Amino acid sequence: MAEPLKAMYNEEFLRSLGRKLHGACEMFEIEAFVAEAMREPWEELELKARMRRITETLGAYLPADYEQALAVLYAIDHECIGFPYLIFPDFVEVFGQNEEYWELSIKALERFTAKSSAEFAVRPFLLRDPQRMMEQMRVWSRHSDEHVRRLASEGSRPRLPWGQALPVFKRDPSPVLPVLEQLKDDPSLYVRKSVANNLNDIAKDHPDVVIGIARRWMGTSIRTDWIVRHGCRSLIRKANPEIMAIFGYAEEEEGAPLVASAALSVDPSVLRIGDSCVLSYELRLREGEAVRVRVEYGIDFVKSGGKASRKLFLLSDKTVPGGARLSAVRTHRWADLTTRRHYPGAHRIALLVNGREVAFTELLLEPAALDG
């Protein structure tokens, strides 16, 4: 079983960090720092809680003056690169939000984001003064470093995973749009992925805004088309009619349904949590011109309260000749994941083509087998 991500913050990491800090600042007490950071209940702390514990402990053992503390971090940040060193921008978030520290903190976030990422640390600054911070984000969107440009987009996402939500941009995303406009043809894939994710966030609250952007941006360049496609993925999954038309998915025609026939089966139809099943589908499309089709299966997962919630899984997305016959098999595992728990009960499984259900079957999921 894979080790949990929080395990990267361990005694070895803390001692290594402590030695680096002591080398830059003789007053830094390595043993006291490690002991304080790992005080109980250290083992019970999850990833973000461990990160914050380390950050707060840094504040206790670095110089009390914020500018001097940053100078110590600057002295070692060239050898502190990667995900574990999110603690550096987190230090800015915790100790650098006073008004008198504004310039210092902005420079620190810009510097640290290239070593790990300041996408989480920047969000409290946005919550406190969105207008001022978005002005800074626009400046960053023109920066020569791709990591800083990405921060302008990733940090302003309304629904950043693991990050604080930005209700002000969920209500009105217009302050974010100039940043995305600036980055819509960015040469860095790292940046373009962020722009697409930002658009996808916005689409969940303001689909019309993203549909309008898709219409304006499509055809600008290959890089921009890629952003639009990935930024509209949630709208495509929902089979939004306008988005489906923009991307050329075939529509139903009066008297000529897109799917002439379809069938879906599951084997076995009764299994336990942790087992796997094989899904098989066959379908035939209407005769005529070539059509673009998106084939998915959706499982109405039974939740803890007994209600069902559908999750879609992509099977195929391509252009095929009119009258084409499509078939495939897919193995689906029913093991619990960190993002999904399974519950016993009847699960409805549907086959969808361009968002329309064309066939379905059912599966009975039973409790996991007891060990021994």
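Keep in mind the model is a prediction, meaning the values are calculated, not measured.
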**Student:** So, the side chain of Asp201 versus the backbone of Arg159: is there a donor-acceptor pair under 3.5 Å, distance only?
**Tutor:**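 Between the backbone of Arg159 and the side chain of Asp201 there is a qualifying donor-acceptor contact (under 3.5 Å).
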
**Student:** Give a yes-or-no answer on whether the side chains of Lys20 and Ser16 include a donor-acceptor pair shorter than 3.5 Å.
**Tutor:**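 Yes, side-chain donor-acceptor contact under 3.5 Å.
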
**Student:** Would you mind writing out the side-chain donor-acceptor pairs for residues 61-72 within the sub-3.5 Å range, not counting sequence neighbours?
**Tutor:**
from	atom 1	to	atom 2	distance (Å)
Asp65	OD2	Glu67	N	3.2
Asp65	OD2	Gln68	N	2.9
Tyr66	OH	Ser105	OG	2.9

**Student:** Would you compute the distance between atom CZ of Phe301 and atom CD1 of Ile349 and round it to the nearest 0.5 angstrom?
**Tutor:**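 Going from CZ on Phe301 over to CD1 on Ile349, the span is 8.0 Å.
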
**Student:** Backbone N or O of Arg192 within a donor-acceptor pair of the Arg223 side chain at under 3.5 Å?
**Tutor:**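 Not confirmed, Arg223 side chain does not pair with Arg192 backbone.
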
**Student:** Quick one: closest heavy-atom pair of Met38 and Arg53, and the distance?
**Tutor:**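 Reported closest heavy-atom pair: C-NH1, 4.2 Å.
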
**Student:** Using the ring pair (Phe, Tyr, Trp, His ring centres under 6.0 Å) rule, collect all pairs that involve residues 224-244, keeping only residues at least two apart or in two chains.
**Tutor:**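 Those involving residues 224-244 are Trp226-His230.
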
**Student:** Has the side chain of Lys6 got a donor or acceptor atom that lies under 3.5 Å from a matching backbone atom of Ala49?
**Tutor:**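 Not a single qualifying donor-acceptor pair exists.
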
**Student:** Decide whether Asn197 and Arg233 meet the rule of one side-chain donor and one side-chain acceptor closer than 3.5 Å.
**Tutor:**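 Arg233 and Asn197 do have a side-chain donor-acceptor pair below 3.5 Å.
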
**Student:** Identify, with sequence neighbours excluded, every residue that meets side-chain hydrogen bond (donor to acceptor under 3.5 Å, both in side chains) alongside Ser276.
**Tutor:**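 Partners of Ser276 under the side-chain hydrogen bond (donor to acceptor under 3.5 Å, both in side chains) test: none.
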
**Student:** Scan residues 321-330 for pairs that pass side chain to side chain donor-acceptor pair (under 3.5 Å), counting only residues two or more places apart or in two chains.
**Tutor:**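 Of all non-adjacent pairs touching residues 321-330, none passes side chain to side chain donor-acceptor pair (under 3.5 Å).
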
**Student:** Going by the rule side-chain hydrogen bond (donor to acceptor under 3.5 Å, both in side chains), which residues pair with His22 if we only count those two or more places apart in sequence or in a different chain?
**Tutor:**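 Partners of His22 by the side-chain hydrogen bond (donor to acceptor under 3.5 Å, both in side chains) criterion come out as none, since no residue qualifies.
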
**Student:** Does Leu352 form a side chain to side chain contact (heavy atoms under 4.5 Å, CB included) with Tyr297? I'd like the steps, not just the answer.
**Tutor:** CA-CA 6 Å; Leu352 300 97; Tyr297 67 97; 5.7 Å; no

**Student:** Looking at Arg123 and Arg157, would you say the former's side chain and the latter's main chain have a donor-acceptor pair under 3.5 Å?
**Tutor:**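 Side chain of Arg123 to backbone of Arg157, a donor-acceptor pair under 3.5 Å: yes, one is there.
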
**Student:** Throw together a table of side-chain donor-acceptor distances under 3.5 angstrom for residues 309-320, partners on residues two or more places apart or in other chains.
**Tutor:**
from	atom 1	to	atom 2	distance (Å)
Arg310	NE	Asp300	OD1	2.7
Arg310	NH2	Asp300	OD1	3.4
Arg310	NH2	Asp300	OD2	3.3
Arg310	NH2	Glu357	OE1	3.4
Asp317	OD1	Tyr249	OH	3.3
Asp317	OD1	Arg292	NE	3.3
Asp317	OD1	Arg292	NH2	3.4
Asp317	OD2	Arg229	NH2	2.7
Asp317	OD2	Tyr249	OH	2.6
Asp317	OD2	Arg294	NH1	3.1

**Student:** Can you give me the closest heavy-atom contact between Pro187 and Arg149, atom names plus distance?
**Tutor:**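 So the minimum-distance heavy-atom pair works out to CG-NH2, 4.2 Å.
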
**Student:** In terms of heavy-atom contacts, does CD of Glu26 have more than 12 from other residues, nucleotides or ligands at under 6.0 Å?
**Tutor:**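 At most 12 heavy atoms, drawn from other residues, nucleotides or ligands, come within 6.0 Å of this atom.
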
**Student:** Rounded at 0.5 Å granularity, tell me how far CD1 in Ile30 sits from CG in Leu21.
**Tutor:**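 The CG atom of Leu21 is 8.5 Å from CD1 of Ile30, to the nearest 0.5 Å.
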
**Student:** Sequence neighbours excluded and cut-off under 3.5 Å, please list the side-chain donor-acceptor pairs for residues 108-117, or say none.
**Tutor:**
from	atom 1	to	atom 2	distance (Å)
Glu110	OE1	Trp140	NE1	2.8
Glu110	OE2	His143	NE2	3.1
Arg111	NE	Asp77	OD2	2.7
Arg111	NH2	Tyr74	O	3.1
Arg111	NH2	Asp77	OD1	3.1
Thr113	OG1	Ala118	N	3.0
Ser116	OG	Tyr85	O	3.3
Ser117	OG	Glu119	N	3.3
Ser117	OG	Glu119	OE1	2.6

**Student:** Can you name the side-chain hydrogen bond (donor to acceptor under 3.5 Å, both in side chains) partners of Gln182, sequence neighbours left out?
**Tutor:**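 Per chain and number, Gln182 pairs via side-chain hydrogen bond (donor to acceptor under 3.5 Å, both in side chains) with no residue.
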
**Student:** Quick one: pull up CG in Leu183 and OG in Ser188 and give me the separation to the nearest 0.5 Å.
**Tutor:**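 Reported value, rounded in 0.5 Å steps: 9.5 Å.
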
**Student:** Is it true that the NZ or CZ of Arg132 lies under 6.0 Å from the centre of Trp102's six-membered ring and within 45 degrees of the ring axis?
**Tutor:**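 Yes, a cation-pi geometry.
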
**Student:** Is there a donor-acceptor pair under 3.5 Å between the side chain of Asn240 and the backbone N or O of Ile243?
**Tutor:**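 Flag set: sc Asn240 to bb Ile243 pair under 3.5 Å.
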
**Student:** Tell me every residue that passes side-chain hydrogen bond (donor to acceptor under 3.5 Å, both in side chains) with Trp42, counting only those two or more places apart in sequence or in another chain.
**Tutor:**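 Testing Trp42 for side-chain hydrogen bond (donor to acceptor under 3.5 Å, both in side chains), a comparison that skips the adjacent residues, returns none.
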
**Student:** Would you name the heavy atoms of His342 and Trp334 that are closest together and state the gap between them?
**Tutor:**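 Shortest heavy-atom contact: ND1-O, 3.3 Å.
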
**Student:** I'd like a table of donor-acceptor pairs (distance under 3.5 Å, sequence neighbours excluded) in which one partner is a side-chain atom from residues 256-273, with atom names and distances.
**Tutor:**
from	atom 1	to	atom 2	distance (Å)
Arg272	NH1	Pro367	O	3.0

**Student:** Shortest non-hydrogen contact from Phe120 to Glu93?
**Tutor:**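 For Phe120 versus Glu93, the nearest heavy atoms are O-OE1, 3.8 Å.
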
**Student:** Would you say that Lys193 contacts Leu189 through its side chain, given a criterion of any heavy-atom pair below 4.5 Å between the two side chains?
**Tutor:**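 Lys193 vs Leu189: side chains touch.
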
**Student:** Taking ring-ring contact (aromatic ring centres under 6.0 Å, His included) as the definition, give me every residue that meets it alongside Trp217, ordered by chain and number, with sequence neighbours left out.
**Tutor:**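 Residues passing ring-ring contact (aromatic ring centres under 6.0 Å, His included) with Trp217: none at all.
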
**Student:** Just by distance, do the side chain of Tyr9 and the backbone of Pro84 share a donor-acceptor pair under 3.5 Å?
**Tutor:**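 Yes, the answer is positive, given that a donor and an acceptor are paired below the 3.5 Å cut-off.
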
**Student:** Any idea which heavy atoms bring Met134 and Pro175 closest together, and the distance?
**Tutor:**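 Where Met134 meets Pro175 most closely, the heavy atoms are CE-O, 3.4 Å.
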
**Student:** Is a side-chain donor or acceptor of Asp225 paired with a backbone partner of Gly219 at a separation under 3.5 angstrom?
**Tutor:**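 Side chain of Asp225 to backbone of Gly219: a pair is present.
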
**Student:** If every non-hydrogen atom of Cys277 is compared with every non-hydrogen atom of Leu363, which pair is closest and at what distance?
**Tutor:**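 Taking every non-hydrogen atom into account, SG-CD1, 3.9 Å.
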
**Student:** Please check if the side chain of Asn198 supplies one atom and the backbone of Ser153 the other of a donor-acceptor pair under 3.5 Å.
**Tutor:**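 Yes: the side chain of Asn198 pairs with the backbone of Ser153.
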
**Student:** Hey, do the aromatic rings of Phe28 and Phe33 have their centres closer than 6.0 Å?
**Tutor:**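 Centroid distance Phe28-Phe33: below 6.0 Å, so yes.
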
**Student:** Among pairs that include at least one residue of residues 188-214, which meet ring pair (Phe, Tyr, Trp, His ring centres under 6.0 Å), considering only residues two or more places apart or in two chains?
**Tutor:**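 Checked against ring pair (Phe, Tyr, Trp, His ring centres under 6.0 Å) - neighbours excluded - the pairs reaching residues 188-214 are His147-Tyr190.
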
**Student:** State whether the side chain of Arg341 and the backbone N or O of Leu337 hold a donor-acceptor pair below 3.5 Å, judged by distance alone.
**Tutor:**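 Judged by distance alone, no pair lies under 3.5 Å.
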
**Student:** I would like to know whether Val353 and Leu283 meet side chain to side chain contact (heavy atoms under 4.5 Å, CB included); could you show each step before the answer?
**Tutor:** CA-CA 10 Å; Val353 178; Leu283 61 88; 3.7 Å; yes

**Student:** Is there a donor-acceptor contact under 3.5 Å from the side chain of Asp205 to the main chain of Ile202?
**Tutor:**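 Checked: no pair found.
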
**Student:** Evaluate the ring planes of Phe95 and Phe91, with Trp represented by its six-membered ring, and classify them as parallel (under 30°), tilted (30 to 60°) or perpendicular (over 60°).
**Tutor:**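 If you compare the ring of Phe95 with that of Phe91, the planes turn out tilted.
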
